Amino acid sequence: MNCVICNRELSLISGHHLIPRTCHHKKKVKKEFARETLIEKINLCQPCHDQIHTIFTVKELERFYNNQLIIKSHPEMIKFISWIENKPMNFRLKVRRRAK
């Protein structure tokens with residue numbers, strides 16, 4: 001199985017909710033998204049998962065980046081993907097969380 005963002009083979013699967021779980025209880029989110037969409041997850045490698053949560057806030061993920069194609073098209077993700085795509089499958093990195 002491969003990461004849906006960088007397409008590297010997965011050593012460990014990290015499931016990413018396209019609509020963050022912390023938003024599932026909001027009335028607006030319940031009204032806007034079907035239950036199947038709320039529980040939908042994509043399989044990522046841990047570095048891509050960490051990078052997504054470094055670049056985007058929960059609110060941004062909920063409102064604008066709730067689709068894997070949109071996430072992949074963000075300029076910072078494009079740069080990250082081109083950097084990580086040739087790293088080995090068990091490659092780990094340290095990322096700094098964005099100040100909120």
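Values below: every heavy atom of this structure, side chains too, minus hydrogens, waters and symmetry copies. This one's a predicted model, so the numbers in the text were calculated from it and none came from an experiment.
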- Item | Any F56 side-chain heavy atom under 4.5 Å of M77 side chain | yes
- One should read off an interatomic distance between N66 CG and E60 CD, to the nearest 0.5 angstrom, of 12.0 Å
- Message: Does atom NZ (K59) have a neighbourhood of more than 12 heavy atoms from anything else shown, all under 6.0 Å?
- Response: no
- How about I55 and Q51: do any of their side-chain heavy atoms sit closer than 4.5 Å? yes
For a quick test of your reading: what N or O donor-acceptor pairs under 3.5 Å do the side chains of residues 38-47 make, sequence neighbours left out?
from	atom 1	to	atom 2	distance (Å)
Q46	OE1	S14	OG	3.2
Q46	NE2	D50	OD1	2.8

- In this structure, CD1 of I52 is separated from CD of E76 (nearest 0.5 Å) by 12.5 Å
- Query: side-chain hydrogen bond (donor to acceptor under 3.5 Å, both in side chains) with N7: which residues, sequence neighbours excluded?
  - Reply: N2
- Item | I81 vs K72 side-chain heavy atoms within contact, under 4.5 Å | yes
- Determine, using the 4.5 Å side-chain heavy-atom cutoff (strictly less than), whether I78 and F64 are members of one ILVMFWY cluster. no
- Tell me, please, which residues at least two apart from K79 pass side-chain contact (heavy atoms from CB on, under 4.5 Å). none
- Close side-chain approach of I19 and K26, heavy atoms under 4.5 Å: no
- Message: Tell me every residue that passes ring pair (Phe, Tyr, Trp, His ring centres under 6.0 Å) with H17, counting only those two or more places apart in sequence or in another chain.
- Response: H24
- For P75, check side-chain contact (heavy atoms from CB on, under 4.5 Å) against everything at least two apart and list the hits. none
- Task: Give the other cluster members for L10, using side-chain heavy-atom distances under 4.5 Å between Ile, Leu, Val, Met, Phe, Trp and Tyr residues; answer none if it is isolated.
- Result: M1, I13
- Message: Distance check, rounded to the nearest 0.5 Å: F80 atom CZ versus C48 atom SG?
- Response: 5.0 Å
- 4.5 Å side-chain heavy-atom contact, H53 and L61: yes
